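Only a predicted model underlies this, so the values are computations on that prediction, with no experimental measurement involved. Both ligands and their constituent atoms are indexed starting at 1 by order of listing.
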Amino acid sequence: MSFQLKGKVIFFATNNINKFNEARRILSRYKIAVGMIRVKTLEIQSESLEEIAKTSAIHAYKQCGLPLIVEDAGLFVEALSGFPGPYSSYVYKTIGNEGLLELMEKTANRQAKFQSVVAFFSEELDAPICFKGEVAGEITKELRRESYHGFGFDPIFKPANSQKTFAEMSIAEKNKYSHRARAFRKFAKWYKSLKV
Ligand code: ITT
């Protein structure tokens, strides 16, 4: 496969500036230039983050014809059988962090994980290519967001081997652990390995 892309700007189709800022920091380490575009992403209902990310990437590409990334992420809580998972966005908007903590009030098992799927699509590809990242951790007992940096479920998620929640970390610190950073690093390594 011959790629014309190397050295060009790629685009991250998202409406979430926090996701963009985290990704940009990772990609800059690999000298990959990224721009944010707010095309309308089509989020199908599916149990699979990969299916959601791939469908969104094709949908976004049809609108702008640019080499782009769509990322779909979710929080999977063990004691809730993986809920909210692919429904994280909806659950965050409706019951939010307080609602999730309430659901887990009497739950001793606090194990949870974040997953991220980065889907990249460009004219050189027949189908989007996906890269996955995951981080295990636990749901805290209360909101912890001193000097709040993050977004979404960051105030209630503490990655394993850390004393801090994601919301208590700078972007650089969060990127040492996060699902998103892991997926974007995999993407960056693949992208840098392409032949011109
Ligand atoms: P897009 O426009 O890119 O779709 P989004 O905010 O809807 O942005 P996702 O669908 O990938 O993002 O994520 C679903 C929800 O999961 C999101 O709204 C957050 O509440 C939560 N989430 C994802 N990644 C997170 C992270 O790193 N920290 C905290 N919450 C996160």
**Prompt:** With ring centroids as reference points, do Tyr30 and Tyr191 lie under 6.0 angstrom apart?
**Reply:** no

**Message:** Is it the case that ligand 1 has an N or O less than 3.5 angstrom from some N or O of Phe114?
**Reply:** no

**Request:** Would you mind running through ligand 1 and noting each atom that sits below 4.0 Å from a heavy atom of Glu71?
**Result:** 11 (O)

**Complete:** Under 4.0 Å from one or more heavy atoms of Ser89, ligand 1 contributes atoms 7 (O), 14 (C), 15 (C), 18 (O)

**Asked** Out of curiosity, Asn18 CG to Lys174 NZ, how far, rounded to the nearest 0.5 Å?
**Response** 7.5 Å

**Complete:** Rounded to the nearest 0.5 Å, the SG atom of Cys64 sits from the NE2 atom of His59 at a distance of 10.5 Å

**Asked** Does ligand 1 have an atom that lies less than 4.0 angstrom from a heavy atom of Phe151?
**Response** yes

**Request:** Give, for atom NZ of Lys164 and atom CZ of Arg144, the distance between the pair rounded to the nearest 0.5 Å.
**Result:** 10.5 Å

**Request:** Describe, in one word, how the ring planes of Phe114 and Phe153 are oriented to each other, choosing from parallel (under 30°), tilted (30 to 60°) and perpendicular (over 60°).
**Result:** tilted

**Sub-4.0 Å atoms of ligand 1 with respect to non-hydrogen atoms of Thr14** = 1 (P), 2 (O), 3 (O), 8 (O)

**Prompt:** Do Glu124 and Ser122 have side-chain N/O donor and acceptor atoms under 3.5 Å apart?
**Reply:** yes

**Asked** Counting from 1, what ligand 1 atoms have a heavy atom of Asp72 closer than 4.0 Å?
**Response** 10 (O), 11 (O)

**Prompt:** What is the distance from atom CG of Asn175 to atom CZ of Phe166, rounded to the nearest 0.5 Å?
**Reply:** 9.0 Å

**From Lys174, Glu22, Lys19 - option closest to atom 27 (O) of ligand 1 by heavy atom** = Lys174

**Message:** So if I count the atoms of ligand 1 from 1 in the order they appear, which ones are less than 4.0 Å from some heavy atom of Asn15?
**Reply:** 2 (O)

**Request:** Report, in ascending order of atom number, the atoms of ligand 1 lying under 4.0 Å from any heavy atom of Arg180.
**Result:** 23 (C), 24 (N), 25 (C), 26 (C), 27 (O)

**Contact with ligand 1 for Asp154, non-hydrogen, under 4.0 angstrom** = yes

**Asked** Within a reach of under 6.0 Å around OH of Tyr90, are more than 12 heavy atoms found that belong to other residues, nucleotides or ligands?
**Response** no

**Which segment of Tyr92 sits under 4.0 Å of ligand 1 when only heavy atoms are counted** = side chain

**Item:** Interfacing atoms of ligand 1 (cut-off 4.0 Å, heavy-atom, His179)
**Value:** 24 (N), 25 (C), 26 (C), 27 (O)

**Prompt:** Would you say ligand 1 has an N or O under 3.5 Å from any N or O of Ala73?
**Reply:** yes

**Message:** Less than 6.0 angstrom separating the ring centers of Phe12 and Phe184, yes or no?
**Reply:** yes

